[in-house]
Amino acid sequence: MTTATVSPKPVTESAVAAERRAAAGRPLAAVTGAEIQAPLITGGHVRYANLDYGASAPALSVVSAYLNEILPYYASVHRGAGYASQISTSVYENARSIVRDFVGGRPDDSVIFTRNTTDSLNLLAGCLPRTDGRPAGDVLYLDIEHHANLLPWQGVPHRSIVAADTIAGTLDAVRAELEQGGVSLLAVTGASNVTGEILPIRALAALAHQHGARIVVDAAQLAPHRRVDISADDVDYLAFSGHKLYAPFGAGVLVGRPDWLDSGVPHLAGGGAVKEARLDGVSWATGPARHEGGSPNVLGAATLARATQVIAELDQDRWHAHESAIRSFLVEGLQGIDGVTVHQIFKDTNPETDTIGVVNFSVEGYDAGLVAAYLSAEHGVGLRDGRFCAHPLLKRLGLPSGSLRASFGVGSRLEDAERLLAGIRALRSNGLGWDYVVDAGRWVPANDFRTYPHWAPNTPGTAGAAPCLDD
């Protein structure tokens, strides 16, 4: 018998394009506001291409519908005997169980609702163990952290490490510092908010525990893109935010071991956080109540919990394929444009498995803020520019004045990335199509005649700009 070997047909560029179109040509999940129209400075309107999910993601349509369903029953929690108060209390407390399940929490893990990830990590900073009134150890963190996981630790004994240019080298650096002893907590990001690169959380947790320390993970960027299991990864504390996880109202959460939290300084001294208050003292509650003084953000906690349910139901293969298709298309497109640089931290990052929907880049000869203003005004594309509340990392990457970040998620489509690429190509070929000026530290179109919706104050987009002019 004669056998023949049939060589597989080479994968053509069109086949790759078709595969990407099939994976990401449409949104993976419906989000509120997906079809809003953005006015162009040159006239007309286009569908707004939202590539700023990393700052605040749009609400899932399912979550918006859920909000409308529960809003009529919104009332005080924990203190009311009325029908609406009982329902609101039930919704609020049940949200803890939903969130605990979403992150693979242990049965006794505390789930504390906060304002955001920053609030959660500041709360934990007040709960670090003390011996004879003195801190029991240092907090160790990397130089690549978002300020939320950097600044809270600077008020307590701390050490910082400069991450290596590889993941493997960074693990070695963390191990070497832990071997010096005296570390009580390792604070790391789950995924960089600047470049989208994922850190090996399980390996870092193992290192921390081998040297008598605990670990807290800032999952603000990771949780909206990857399922997290703190039991499987042996993570002690996890923080993330609803506004990045497709939920409105700005609730955050801290999930983790209760012993430190039950003995720490109450985060908000006030009603609900106490067992008994006296004119000259107080007996504090334990459990989540200890840190949730005052009236809580009931709707924020409820919508955050509902968003986690929707994310948990996603088919993970389709989810990752959708995001990977957009990211690889965007990275390849940007790298093919003269004068454009895509930035990353680690040389050994696997772009297929170790990144989330974030791409960081810069355009030679143009301030990042000017590029962002141009893309918004002339192409209807929204993305982030600046230093992303990660100043040490941007300085280290050689970008002291900032760069650009495109970020996307389940409501994104390939067309959004195509529009961004078309805008950058036009910029490199033809330059700006409009004059731009700096107003309150931000680039804006000169003589901008566009108006806001009738219900919104028609003020310049720089109103309320942060003091950090490059952020």
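Fair warning: this is a prediction, and the values are worked out from it, not measured in the lab. Residue numbers count from 1 along this sequence.
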### Query
Is there side-chain contact between V253 and F240, with at least one heavy-atom pair below 4.5 Å?
yes

### Task
Check whether any side-chain heavy atom of L299 lies under 4.5 Å from a side-chain heavy atom of I70, and answer yes or no.
yes

### Message
Strictly distance-based, threshold 3.5 Å: is any side-chain N or O of S120 a donor or acceptor partner for the main-chain N or O of A239?
### Response
no

### Task
Check the pair N360, L404 against side chain to side chain contact (heavy atoms under 4.5 Å, CB included), reporting the backbone distance first and the verdict last.
CA-CA 6 Å; N360 191 287; L404 293 144; over 6 Å; no

### Summary
salt bridge (charged side-chain N to carboxylate O under 4.0 Å, His left out) test vs D233 passes for just one of R226, R202, R227, namely R202

### Task
May I ask you to check whether S324 and E352 show a side-chain donor-acceptor distance below 3.5 Å?
yes

### Query
Any sub-3.5 Å donor-acceptor pair from T131's side-chain atoms to R134's backbone N or O?
no

## Note on the structure
Heavy-atom closest pair (L204 atom, L186 atom, distance to 0.1 Å) is O-CD2, 3.8 Å

### Query
Any side-chain heavy atom of C127 within less than 4.5 Å of one from L261?
yes

### Query
Looking only at heavy atoms, which two atoms of A406 and L420 are closest? And how far apart?
CB-CD2, 3.9 Å

### Contact check, side chains of L151 and N122, non-hydrogen atoms, under 4.5 Å
no

### Query
Mind checking what makes side chain to side chain donor-acceptor pair (under 3.5 Å) contact with D259, not counting sequence neighbours?
R214

#### Entry: Side chains of H343 and S403, donor plus acceptor under 3.5 Å
no

### Task
State whether a side-chain donor-acceptor pair under 3.5 Å links T341 with S362.
no

### Task
Might you point out which heavy atoms bring R405 and D52 nearest each other, and give the distance in Å?
NH2-OD1, 3.9 Å

### Task
Output yes when a side-chain donor or acceptor of Q221 lies under 3.5 Å from a complementary backbone atom of G54, and no otherwise.
yes

### Message
Donor-acceptor pair, distance only, cut-off 3.5 Å: does the side chain of S376 make one with the backbone of A372?
### Response
no

### Task
Measure the shortest side-chain to side-chain distance between F329 and L421 over non-hydrogen atoms and say whether it is less than 4.5 angstrom.
yes

### Message
Closer than 3.5 angstrom, by distance alone: can the side chain of R100 be matched with the main-chain N or O of D109 as a donor-acceptor pair?
### Response
yes

#### Entry: S88 (side chain) donor-acceptor with A84 (main chain) under 3.5 angstrom
yes

### Message
Rounded at 0.5 Å granularity, tell me how far CG in N149 sits from SG in C389.
### Response
13.0 Å

### Message
I'd like to check the side chain to side chain donor-acceptor pair (under 3.5 Å) partners of E415; sequence neighbours left out, ordered by chain and number.
### Response
R47

### Task
Ignoring hydrogens and angles, tell me if any N or O in the side chain of S241 forms a donor-acceptor pair with the backbone of T117 under 3.5 Å.
yes

### Message
Evaluate V359 against L334 for side chain to side chain contact (heavy atoms under 4.5 Å, CB included), listing each step before the verdict.
### Response
CA-CA 10 Å; V359 177; L334 289 169; 3.8 Å; yes

### Query
Quick check: does any side chain N or O of K244 sit under 3.5 Å from a backbone N or O of Y53, one acting as donor and the other as acceptor?
no

### Query
In Å and rounded to the nearest 0.5 Å, what is the OG to CH2 distance from S184 to W260?
5.0 Å

#### Entry: Check: V188 and E145 side chains under 4.5 Å, non-hydrogen atoms
yes

#### Entry: Validation row: T32, L60 side chains within 4.5 angstrom (heavy atoms)
no

For residues 304-314, which side-chain N or O atoms pair as donor and acceptor with protein atoms under 3.5 Å away, sequence neighbours left out?
from, atom 1, to, atom 2, distance (Å)
R306, NH1, Q309, OE1, 3.4
T308, OG1, A305, O, 2.6

### Query
Under 4.0 Å between a Lys/Arg side-chain N and an Asp/Glu carboxylate O for E292 and R96?
yes

#### Entry: All pairs passing side chain to side chain donor-acceptor pair (under 3.5 Å) where residues 165-176 contributes a residue, at least two apart
D165-K347, D172-R175

### Task
Could you walk me through whether R257 and D234 pass the salt bridge (Lys or Arg N to Asp or Glu O under 4.0 Å) test, one step at a time?
CA-CA 11 Å; R257 302 190 186 277; D234 205 13; 3.5 Å; yes

### Task
Dump the intermediate steps for ring pair (Phe, Tyr, Trp, His ring centres under 6.0 Å) on F249 and H243, then the final yes or no.
CA-CA 7 Å; F249 293 105; H243 74 99; over 10 Å; no

### Query
Is there a side chain to side chain contact (heavy atoms under 4.5 Å, CB included) between W284 and D262 once you walk through the steps?
CA-CA 9 Å; W284 296 107; D262 283 349; over 6 Å; no

### Query
So, does T189 use its side chain to make a donor-acceptor pair with the main chain of A191 at under 3.5 Å?
yes

### Query
Which pair of heavy atoms, one from A273 and one from L268, lies closest together, and at what distance?
CB-O, 3.9 Å

### Message
To the nearest 0.5 Å, what is the distance between CG on L393 and CG on L150?
### Response
10.5 Å

### Task
Determine the minimum heavy-atom distance between V139 and A187, stating which atoms define it.
CG1-CB, 4.2 Å

### Rounded distance (nearest 0.5 Å) linking atom CZ of R20 with atom NE2 of H322
13.5 Å

### Query
Excluding sequence neighbours, so at least two apart, what forms salt bridge (Lys or Arg N to Asp or Glu O under 4.0 Å) with R396?
D143

### Task
Kindly write out the residues that satisfy side chain to side chain contact (heavy atoms under 4.5 Å, CB included) with P27, not counting sequence neighbours, or none if the list is empty.
R413

### For A219 against L238, the heavy-atom pair lying closest together
CB-CD1, 3.6 Å

### Task
Would you check, one step at a time, whether the test side chain to side chain contact (heavy atoms under 4.5 Å, CB included) holds for E35 with Y48?
CA-CA 7 Å; E35 301 301 328; Y48 178 56; over 6 Å; no

### Message
Counting C-beta onward and ignoring hydrogens, is there a side-chain heavy-atom pair between V111 and P288 closer than 4.5 Å?
### Response
no

### Query
When rounded to the nearest 0.5 angstrom, what is the spacing between CD1 in I201 and CG in L222?
6.5 Å

### Task
For the pair H225 (side chain) and I356 (backbone), establish whether a donor and an acceptor sit closer than 3.5 Å, ignoring hydrogens and angles.
no

### Query
Angle class for the Y92/F113 ring planes (parallel below 30°, perpendicular above 60°, tilted otherwise)?
tilted

### Message
Counting neighbours of CZ on R159 that are heavy atoms of other residues, nucleotides or ligands and sit closer than 6.0 Å, is the number greater than 12?
### Response
yes

### Donor-acceptor side-chain pairing of T355 and E197 below 3.5 angstrom
no

### H78 and E93: side chain donor to acceptor below 3.5 Å
yes

